[in-house]
Amino acid sequence: MLGLKIETVSKSFGPFKALDRVSLQIPQGQFICFLGPSGCGKTSLLRLIAGLEQPTSGRILLNDKDITPIPANRRGFGMVFQSLALFPHLTVEQNIAYSLRLKGRDRKQQSERVEELLALIRLPGVGKRQIGQLSGGQRQRVAIARALAQEPMLLLLDEPLSALDAKLRESMQVELRLLQQQLKITTILVTHDQREAMTMADTIVVMAAGKIQQVGSPIEIYREPANRFVADFIGQSNLLDADYEAGDQVRVGDYPARIGNISQLIEPGRKVTISIRPEDIRLSPAGATGPNQLPGQIIFVRDMGSSIEAHIACAGKQIISVSTPREWLGGHANDAVSVELPPEACRLLLE
Amino acid sequence: MTERIDRASRSLILSWPALTIVSLVAIPFLLLLQVSVGHHDPSGLWSPGFDLSNFALLADPILLRTLAYSAGLAILVAIVCTAIAFPLTYLITRMPRRRQIAWLILLLSTLSLSEVLVAFAWQVMLAKRIGLSEIFVVLGLLSEPQSLSPGFGAVVSCLIYLVMPITVLLLYPGLSRLDRDLIEAAQTMGASNRMIFLTVVLPMLRGPIISSAILVAVFTIGTYVTPSVLGQPQQWTIAVLISRTALSDGNLPGSAAMALLLLAVTLALTGGTILLGRKKESGT
C-alpha cells in the first residue's frame, strides 16, 4: 500500500501509557488530523512518525517498508513545530535552505528553490530578512516553506497555528489546505481545535487516553459519532439517557421515541444514549402532537444574531437547540415548548 | 513632601553601589596611580612625589616579552578551556535534572580550593615517582617516568583546571535555555548530531562563549601562583615580574607602573574580543 501504516504501536513514558496499541492507515496524498484533548497521545503519535521518539512496541511502515529503526534525520519528513522552531541566528533564506545546505546542494540550486518556495507561500522578497523582523503569520509560512524545502514524503504539523490570533488562524487554515491540495503531499496535522480539523482534513482521527476513538471524514465524525466521547468532543451534542425497547423504539424517561438507522442488534431493556445535534432539534409551541415530541421548558435564550440558542429543560436534562432566525418560534425563559427529536437525526450510542 | 522622601530614599539606595565602586575600584586605582609616579626609595619602598622615570622600566625588552607571553598564555588557556568546557556543559544540560545538579556541585566544589593548594597538588601529580607520569608510561605515551613539572604544559594544565568550573557555570544558563525544538527541527531536516552542534548550538551561543572566554583570559593574564610553582623562569608571567620588582627589588613605584601597563593590555584584549565578536555577528 502506498502511504503510511502504523501497526499496533504503543508508547510508555515510565508508568504512563501515552499510546496504547494504536493502528492506523494513512493513504498517500491525504490530509489527516489527529484530534483530541491535551494528553490524548496525538503529539506522541506524531513524534513517533517523525522519528523523534521510538515506540515501546509496534512498527511504522512507509510504502510497506519498515521505518521504525530509522532516525529522524534520515527519514526526510518535513515537520512544523508548535513553537515553529525557526533558527533566530539565520535569515529567512538560510532557514528555508537549511536542509538543502546539509544535502550539499550548490548555492544556485539553493537560491532557486528558496525563491520557488517564497513564491509558493506568497512572500516573495523577504529572503534577506531576519526572523525577528517577520510578523506571526509570515513566520508561520516561512516555517512551512522550510519544512517543504527538502520535498518530504510526509508533512507533519504539530499545532502550528495555535499561536496565531483567531482571524489569522482561520485564513491560514484555508491557505494551508489549498497548499496541500496543490502539492498533493501526505500531511498530518495535530490539533485540539475541532473547527480546524473540520476545515482542513480529509480524514479525522479522534483520539483520547492514548487510543483512537474514531477514524472518518469530518462529516462522518460529526454526523455519526462512534461513542459518547466523540459525540461530546466534536461540536455540541445533546446526550440523552434512554432505555432500548425493540425495533427502532426507545423510551426517553416517560416518553416513547423512534430512532433511525439502528445497525446493530441490541437486547431489549439495555441502557443506551441518544446523541442529537442542537441544530437538528425542532421546537414547536407546547402541546404539539406526533412522534418524538417531548414536552420541555425554556430556561435561557441566547440570541447571537445569525443563530438563536435555546437551553431547554427536557426529559430531566438540559438540552440545547440552535435555530436560524427564520426557524425560531419565538419564546422566552419559562415558556413551555414541544421539543421534536427527528428520528433520522438521533444517533444511538451504546455504553 | 512624599516626592522629597522618595528622592531622598532613592539617592540613599543608589549611594550603596556608588560607595562600593568608589571604595573597591576607584580608591585602589588612584592609589596605584599615585604610587606609580612616586619616588623609588630603597629605605621605605616609595615616597610621594611626581616622578615619571618609573615608566622608563616599561621599555625593558624582557618585560615586554613577558607581557606578550602572559597575553599569549591567557588567550591559549581561554581557547582551550572554552573548547573543552563547551561540549562538557552541553552534555550536562542534556542529562536528567538530578544528574545535572550533581555535576554542577562537583564542579563548583573545586572552586573552594585555593589556587595555592591546587598548584601544589598539580606539582605532586606531575612528579616523577607518583602520579600522571607513571600512568602515561602504562598507556605508552612516555617511555619512562619523568617529572612533568616545572614546564609550560604543567602551567597550562593547572590553569585550565582552575578556570574550567567558571567557564562551565558561565555557559550553563545559555545552553540549558537552548530551545529543544530547534535541535529537533534541525534533526527532521537531516542534520546529524555533529551538524546540529556546528550549525545550531554553536552559533546561537556566541555571546556566552565570548564572555566566558574574556573572563578566563582576564583571570589568566594576571596569574601569579601557578607559574611560580609550576613554571621555570621562562614561564613566569608579568604578575611574577611585578611581584619580584616590588618585593625583591623593593621598587614599589616601578611595579605600580608595570601593573598599569598590565591593566591597559587587559582592557585592550577585552575590547578587541568584544569588537571581534560583534563584527562576526554582523558579517553572517
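Residue numbers start from 1 in every chain, and the chains themselves are labelled A, B, ... in the order their sequence lines are given, proteins ahead of strands.
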| Residue among Gly78(A), Gly76(A), Gly51(A), Pro88(A) with most heavy-atom pairs under 4.5 Å to chain B | Pro88(A)
Testing the basics here: between [X] and [Y], what is the closest heavy-atom pair and its distance to 0.1 Å?
X         : Y         : answer
Phe87(A)  : Leu182(B) : CE2-O, 3.5 Å
Leu102(A) : Gly190(B) : CD1-C, 3.8 Å
Asn73(A)  : Ala191(B) : ND2-O, 3.1 Å
Ala185(B) : Arg146(A) : CB-NH2, 3.6 Å

| field | Rounded distance [0.5 Å steps], CG in Leu52(A) versus CG in Asp181(B) | value | 9.5 Å
| task | Working to the nearest 0.5 Å, report the span between CZ of Arg47(A) and OG1 of Thr188(B). | result | 10.5 Å
Atom [atom1] of [X] with >12 non-hydrogen neighbours under 6.0 angstrom:
X         : atom1 : answer
Tyr224(B) : OH    : no
Asp66(A)  : CG    : yes
Arg74(A)  : CZ    : no

| message | Below 4.5 Å, heavy-atom pairs only: which of Gln187(B), Met195(B), Arg180(B) has the largest tally toward chain A? | response |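 Max contact count across the listed options: Gln187(B).
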| said: I'd like to know if the side chain of His89(A) and the backbone of Leu205(B) have a donor-acceptor N/O pair within less than 3.5 Å. | reply: no
| field | Residue Leu90(A) versus chain B: region with a heavy atom under 4.5 Å | value | neither
| query | Is it the backbone or the side chain of Phe77(A) that comes under 4.5 Å from a heavy atom of chain B, or both, or neither? | reply |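 For Phe77(A), backbone heavy atoms alone lie under 4.5 Å from chain B.
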